[in-house]
J.: 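For reference, the structure I am asking about is given below.
Since this is a predicted model, take the numbers as computed values, not measurements. Starting from 1, each residue takes its place in the sequence as its number. We count ligands from 1, going down the list as the structure has it; atoms in each ligand are counted the same way.
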Amino acid sequence: MSRGYNFCAGLAALPEDVLDQARAELLEWDGARASVMEISHRGKDFVALAAQSERDIRELLAIPPGYKVLFLQGGATQHFAQIPMNIARRGQSADYIVTGDWGEKAAKEAKPTVGVRIAATSEATNYDRIPARETWDLDPNAAYVHYTPNETIRGVEFMTVPDVGGVPLVADMSSTILSRPIDVSKFGLIYAGAQKNIGAAGLVVLIVRDDLLARSPKDMPKILSYAEQAAQDSMLNTPNTFGWYLASLVFKWLKKQGGLAAMAERNRAKATLLYDYIDGSGFYRNPVEVSARSWMNVPFTLPREALDAPFLAESEAAGLLALKGHRAVGGMRASIYNAMPLAGVQALVDFMKDFAKRNG
Ligand SMILES: *Cc1c(COP(=O)(O)O)cnc(C)c1O
């Protein structure tokens with residue numbers, strides 16, 4: 001057996017160079033004479049790794065002063081609940097822009113803590129677009145506006161950062177962070193589970209503006225408080241050290257690739273190759289409005305459902321892994337995160353062409 005091209009939406013492919021390096025230094029890491037998994041998170045070696053990883057992500061995303069970077073646990077889902085606990089005062093409401101299943105879940109998890117207003121949603125059209133900005137019903141007194149820049153399941157992505165006035169903008173970037181440059185200064189809080197574009201599951205990266213950190217109530221459990229975690233450099237308790245280490249390798253890898261401008265060019269080229277082929281094929285179909293098509297997750301259907309099973313079996317046999325669409329949508333989905341090379345997308349398109357020829 002050999003490694004295939006992995007199109008899984010999450011957990012997702014990691015850069016091969018990163019896996020190679022992790023393997024090479026698994027037993028003895030960087031002079032520690034032990035594995036990175038076996039040393040104290042408070043020792044100087046790991047503390048240096050943590051500091052370097054923060055410098056690297058700050059450089060990659062050009063994070064301006066006035067923001068803290070946190071490396072926490074719980075997955076993005078736990079932070080759906082934790083965000084309102086930290087940045088909404090009792091009795092306040094928060095606005096949610098819902099463009100897919102993750103935004104829906106984020107709103108549901110926030111509900112026990114904050115008054116949730118759905119300020120805009122594209123549910124009526126099966127989450128195939130981003131509701132026009134003029135139709136959003138934003139409350140200028142909201143604690144924050146939450147949205148999902150890339151909806152992983154339906155493959156719907158914002159190409160620009162929405163203007164929400166003076167209300168802090170909160171973004172679940174789990175499936176798009178580090179795929180292109182962003183203007184961090186437009187956000188109050190950015191968070192992302194690591195298992196799509198950062199590294200391995202079990203780590204969540206948060207970028208939080210200082211004025212929002214100051215909102216964490218003093219009487220909340222410390223372990224859930226972003227302000228406490230920031231004050232303790234994300235080491236209030238034992239962090240996910242191996243996940244943090246893998247993330248640090250991915251950040252270095254990204255810098256070596258030329259940073260996020262280079263990644264954006266590569267990601268655009270990958271997505272264009274796949275969408276152009278799908279649109280021209282007369283066989284496959286992507287349901288998302290062209291202006292909102294994700295660079296990271298590309299769902300597509302075949303002309304007959306009966307073709308799904310053979311498509312999956314044959315693609316898997318050809319070394320193209322995990323193309324099955326999400327159960328909520330059906331069909332196929334190719335996730336083409338940073339770690340997917342252009343050659344992998346080309347291999348997928350070649351396979352799709354051949355499959356269409358044989359089944360058209
Ligand atoms: C995968 C994903 C999540 C869920 O992440 P967990 O780490 O499983 O909680 C949340 N939001 C988006 C956009 C995702 O892609």
J.: Would you indicate whether Lys111, at its atom NZ, is surrounded by more than 12 heavy atoms from other residues, nucleotides or ligands within a distance under 6.0 Å?
T.: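 No, not enclosed.
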
J.: Is ligand 1 under 4.0 Å from a heavy atom in the side chain of Lys196, in the backbone, in both, or in neither?
T.: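 Lys196 to ligand 1: side-chain contact only, backbone stays beyond 4.0 Å.
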
J.: So Ile182 and Ile190, do their side chains get closer than 4.5 Å, heavy atoms only?
T.: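 Yes, side chains in contact.
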
J.: Between Asp172 and Lys105, does any NZ, NE, NH1 or NH2 come within less than 4.0 Å of an OD or OE carboxylate oxygen?
T.: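 Result for this pair is no, no salt bridge flagged.
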
J.: Output the list of atoms in ligand 1 that are nearer than 4.0 Å to some heavy atom of Gly75, sorted by atom number.
T.: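 Those atoms are 7 (O), 9 (O).
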
J.: If you measure every N/O of Asn150 against every N/O of ligand 1, is any gap under 3.5 Å?
T.: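 For ligand 1, there is no N or O atom that lies under 3.5 Å from one belonging to Asn150.
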
J.: Report, in ascending order of atom number, the atoms of ligand 1 lying under 4.0 Å from any heavy atom of Thr77.
T.: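 By the 4.0 Å cutoff, the relevant atoms are 4 (C), 6 (P), 9 (O).
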
J.: Looking at Arg55 and Glu59, is there a salt bridge between them, counting it only when a charged N and a carboxylate O are closer than 4.0 Å?
T.: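 Salt bridge absent between Glu59 and Arg55.
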
J.: What about Thr148: any of its N or O atoms under 3.5 Å from an N or O on ligand 1?
T.: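 The answer is no, given that Thr148 and ligand 1 share no N or O pair closer than 3.5 Å.
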
J.: Look at ligand 1 and say whether Met173 reaches it with a heavy atom at a distance under 4.0 Å.
T.: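 Not so, Met173 does not reach ligand 1.
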
J.: Taking the six-membered ring for Trp, are Phe311 and Phe351 closer than 6.0 Å centroid to centroid?
T.: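 Yes; Phe351 has its ring centre under 6.0 Å from that of Phe311.
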
J.: Which bit of Gln195 is near ligand 1, meaning a heavy atom under 4.0 Å away: side chain, backbone, both or neither?
T.: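 For Gln195, the contact with ligand 1 is made by the side chain alone.
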
J.: Against heavy atoms of Thr152, which atoms of ligand 1 measure under 4.0 Å?
T.: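 It comes down to these atoms of ligand 1: 12 (C), 13 (C), 14 (C), 15 (O).
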
J.: Does ligand 1 have an atom that lies less than 4.0 angstrom from a heavy atom of Gly193?
T.: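 Gly193: no contact with ligand 1 (<4.0 Å).
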
J.: More than 12 heavy atoms of other residues, nucleotides or ligands under 6.0 Å from CZ of Arg42: is that the case?
T.: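 Yes, CZ of Arg42 has more than 12 neighbouring heavy atoms, counting only those of other groups under 6.0 Å.
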
J.: Would Gln78 count as being in polar contact with ligand 1, using the rule that some N or O on each side must be under 3.5 angstrom apart?
T.: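 Between Gln78 and ligand 1 (N or O atoms, distance only) the closest approach is not under 3.5 Å.
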
J.: Looking only at distances, please establish whether an N/O atom of ligand 1 is found under 3.5 Å from an N/O atom of Phe80.
T.: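 By distance alone, the answer is no.
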
